[in-house]
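Have a look at the structure below before the remarks.
Quick note: numbers below take in every heavy atom, side chains included, and nothing from hydrogens, waters or symmetry partners. Predicted model, so just to flag it, every value in this text is computed and none were measured.
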Amino acid sequence: MSNTQPRLPRPVESERIPLRARKVSFSWEDTPLHWVPGDPFTTHTINVLHLLLPAGERWFVHVYKQVLPYIRDERLREDVIGFIGQEAMHSQAHDAVLPHLKDQGLDPTPYTAQVDWLFEKLLGDRTLPPGRPRRWWLMERVALIAAIEHYTAFLGDWVLNAGELDRRGADPTMLDLLRWHGAEEVEHRSVAFELFLHVDGSYARRVRTWATAFTALVFLWQRGTRFFMENDPTLIDGRATFKEFHRRGRRGLLPSTGAVIRSVPRYLSHSYHPSQEGSTEQAVAYLATSPAALAAEKSRESAA
């Protein structure tokens, strides 16, 4: 019998901080339809976040409220509660962008209705017998969230460092929304994975749900970008292609194809832990200067 022990994920303790929701708000009156000037493709590729996140993060919150009774570690419970608060705020903030898009002639309802169906019906609660079947479905969804959170943290780290968006004159309010959200994703990047390890931790389930999550995200993202490009009232024959995504990635306007590909083996590594990626220090530093986060903090102090 082999004495070799599997390598367990090792968190970076210095990257762990208490989590709290920041009740931010944004005003969209001055944000143009193409908030990356002269670049509707980059604008609409990133705009897909506003289509996916409201329903997706409401689903995160719903699932995590169900899994709270399974948590036996008080510190993790506190992290999960902080995660729930942050994700609920993310959902509200992105949801508030949709009326602005509609006012500019881009009605997202046909697409968001499909996303709502995906999270509420396909991935929602099922009528299952109590015991093992019900727990199995809950654990599947917990693992799916861990896989999705790997990519939300990846995107959060990317947008915090996407200086090319600033150089291209991207709308500062939209950048603040994206970077406030991205910074909080980096802040809580370990919670979903640690919760999965705590309540289940099956490597086979991790691989299976990663494959499901990655395939779904790629499909939904390209479909969402295509929806925006085809329905943008200012464009004639607007198209969305992987070639354009690759080009924007090489310019620093979107995540590079290589970075996306390299993220796969990291998540599937037996030694993977999210705290090994990104920087909590950088995230906290941005949140200390974010106009929306500063306004939320001032409002909180006034109410106290």
Side-chain angles (χ1 to χ4, degrees), residues 28 31-56 94 97-98 100-115 118 147-148 150-179 181-182 185 210-267:
W28 300 111
T31 298
L33 178 59
H34 301 152
W35 53 266
V36 181
D39 194 345
F41 182 83
T42 296
T43 294
H44 290 324
T45 301
I46 299 175
N47 274 347
V48 175
L49 287 168
H50 310 312
L51 303 180
L52 296 178
L53 292 180
H94 285 278
V97 181
L98 301 183
H100 173 68
L101 294 176
K102 191 172 182 178
D103 289 344
Q104 293 183 314
L106 237 180
D107 184 3
T109 306
Y111 189 91
T112 55
Q114 297 175 32
V115 175
L118 170 71
I148 294 169
H150 172 61
Y151 287 102
T152 57
F154 168 83
L155 291 172
D157 183 53
W158 173 78
V159 78
L160 285 172
N161 294 285
E164 189 61 25
L165 290 174
D166 301 272
R167 288 187 283 274
R168 295 296 179 95
D171 177 72
T173 303
M174 186 63 77
L175 278 183
D176 190 35
L177 166 65
L178 296 171
R179 286 175 174 157
H181 184 173
E185 290 296 332
W210 166 81
T212 301
F214 184 78
T215 302
L217 286 172
V218 171
F219 172 76
L220 290 170
W221 217 295
Q222 60 85 26
R223 185 182 173 105
T225 307
R226 189 169 68 241
F227 171 83
F228 273 136
M229 293 294 288
E230 291 175 353
N231 290 278
D232 186 321
T234 70
L235 299 179
I236 299 173
D237 194 27
R239 296 182 181 182
T241 66
F242 283 110
K243 184 177 181 180
E244 287 301 314
F245 179 88
H246 180 70
R247 283 178 175 174
R248 297 308 193 283
R250 293 186 66 179
R251 298 171 188 167
L253 290 162
L254 293 172
S256 71
T257 307
V260 174
I261 293 171
R262 288 191 296 272
S263 73
V264 174
R266 292 203 303 273
Y267 185 73

Got E185 and F154 here, is their nearest side-chain heavy-atom distance under 4.5 Å? no
Nearest heavy-atom pair of T225 and H44: which atoms, and what distance? OG1-O, 4.2 Å
In a check of salt bridge (charged side-chain N to carboxylate O under 4.0 Å, His left out) between D39 and each of R248, R247, R251, which one passes? R248
How close do V115 and A55 get, heavy atom to heavy atom, and via which atoms? CG1-CB, 3.9 Å
H181 side chain to H94 backbone, donor-acceptor under 3.5 Å: no
Any heavy-atom pair between the side chains of F227 and Q114 that's under 4.5 Å? no
So W210 and F214, would you call those rings parallel, tilted or perpendicular, with 30° and 60° as cut-offs? parallel
Is there side-chain contact between T257 and F242, with heavy atoms separated by less than 4.5 Å? no
Least distance between heavy atoms, A162 atom then R179 atom: O-NH2, 3.0 Å
Can you check whether R266's main-chain N or O pairs, donor with acceptor, with H150's side chain at less than 3.5 Å? no
Do we see a donor-acceptor contact under 3.5 Å between the side chains of H34 and T43? no
So, taking the atom named CG in D232 and the one named CG in L33, what distance separates them when rounded to the nearest 0.5 Å? 5.0 Å
What are the two closest heavy atoms between Q222 and R226, and how far apart are they? OE1-NH1, 2.7 Å
Heavy atoms only: give me the nearest M229-A240 pair and the separation to one decimal. CG-CB, 4.1 Å
Determine whether T112 and H50 make a side-chain contact, defined as any pair of heavy atoms from C-beta on separated by less than 4.5 Å. no
Give the minimum heavy-atom separation between L254 and T42, together with the two atoms involved. CD2-CG2, 4.2 Å
Report the residues that fulfil ring-ring contact (aromatic ring centres under 6.0 Å, His included) with F245, sequence neighbours left out, ordered by chain and then residue number. none
